[in-house]
Structure formats: structure tokens, C-alpha cells
Amino acid sequence: MSFRLRVLRLVRRIPRGRVATYGQLAALAGHPGAARACGRVLRTTHDEPELPWQRVINSQGRVSTGGDAQRPLLQRTLLEAEGVVFSRSGRCALKRFRWEPQEDELCFLDDEEDEEDEDDLA
DNA sequence: TAAATGACTTAGG
DNA sequence: CCCTAAGCCATTT
């Protein structure tokens, strides 16, 4: 299974009102240190259905700047709408909102299936 | 096959 | 809290 696919599947497991960092997802996907590559996955992923992309933020608890100027604003708005609180300086407490998955929630990463062309996000 | 790219991170000032 | 400098890395060029 590709790194990209693993990351996308992980993002889908992030509960509403919780967040995960790029580095965290990379590690869960089995590629610790690939935070940057993780960001690339989201940047190059558009209009994927059922993909809560807004729940992925950086290690500082802040939404990353990137893409057009509106994206960060939308991201924060979406998160606040589901309960995530941001401080005046634009940071949220990871200690409180970070998603911490149980091992049995990641079984799907063990699939040795070949990856179909693209979004085989089952 | 080598070089360039960032929705990243961490360590220091 | 803001900013910089360096690593890091799967993808893209």
C-alpha cells in the first residue's frame, strides 16, 4: 500500500472535533520523519469525498499556511465549527484535541493489497 | 537517474 | 511569540 493511500485512510479515521499532525500521521503510516511528504499528500489531494482534511495541522497546533490565502481561514473555521478551540494567537491545545488512536483502529493498514490506480480508500 | 519541491519539525536566538 | 537555519522525505520534474 502506498504512503499516500495510508495517509488518506488515516485522515478518515480522525474523529470530528479532534486533530492530528503531519508528523503523527506519517509515523502511523509507517514512515516516521515523513511529515513533509505527508503535507504533500494533502496538498495534491483535491475533492476527495469524505476526507476531513481540515483535521490535519502542524506540530505547533496551528493550521499551516499554503495554497491560497483563504484555505487556512476555511480550515480554522471548519475546525471551530466542530468544537476545536483556537487561542488568540491561532493555536489549539494539542494536549486536548490531538487524536490518539487505539491499536485496533489501525488494522486496515495491514492490508497487503496492491493499490489500485488511485483512491481505493475503502 | 539526478535535482527540485513543499499543508513539516526541531532547535536556537 | 516571532524568525531563521537545517534536516527530512515521498513525489515531481
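If you're wondering where the values come from, they're calculated on a predicted model, not measured in any experiment. Letters A, B, ... mirror the listed sequences (proteins, then strands); counts begin at 1.
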N/O donor-acceptor pair under 3.5 Å between Gln24(A) side chain and Glu100(A) backbone: no
Give the minimum heavy-atom separation between Pro15(A) and Glu82(A), together with the two atoms involved. O-OE2, 4.5 Å
For Asp47(A), does the CG atom sit with more than 12 other heavy atoms under 6.0 Å from it, leaving out its own atoms? no
Count I, L, V, M, F, W, Y as connected when their side-chain heavy atoms are under 4.5 Å apart, and connections chain through other members. Are Val41(A) and Leu51(A) then in the same cluster? yes
Rounded to whole Å, CZ of Arg4(A) lies from P of dG6(B) at a distance of 17 Å
Counting primed atoms, P, OP1 and OP2 as sugar-phosphate and everything else as base, the B/S/- map of nucleotides 8-13 of chain B against protein heavy atoms under 4.0 Å is BSB---
Is there a donor-acceptor pair under 3.5 Å between the side chain of Arg98(A) and the backbone N or O of Ala20(A)? no
For DNA chain C, which nucleotides open and close the run of contacts to chain A, 5' to 3', at under 4.0 angstrom from a non-hydrogen atom? dC1(C) to dT11(C)
Take atom CD of Gln70(A) and atom P of dA7(B), then tell me their distance rounded to the nearest Å. 16 Å
Would a 4.5 Å heavy-atom cut-off, applied to side chains only, mark Phe97(A) and Leu79(A) as touching? no
Could you walk me through whether Arg76(A) and Gln54(A) pass the side chain to side chain contact (heavy atoms under 4.5 Å, CB included) check? CA-CA 8 Å; Arg76(A) 176 170 169 171; Gln54(A) 72 274 21; over 6 Å; no
Short of 4.0 Å, heavy atom to strand atom, which residues of residues 80-100 of chain A count as contacting DNA chain C? Ser89(A), Arg91(A)
Please check if the side chain of Arg6(A) supplies one atom and the backbone of Gly30(A) the other of a donor-acceptor pair under 3.5 Å. no
Quick one: closest heavy-atom pair of Leu94(A) and Ser59(A), and the distance? CD1-O, 3.4 Å
Please check if any side-chain donor atom of Arg62(A) sits under 3.5 Å from a side-chain acceptor atom of Ser89(A), or the reverse. no
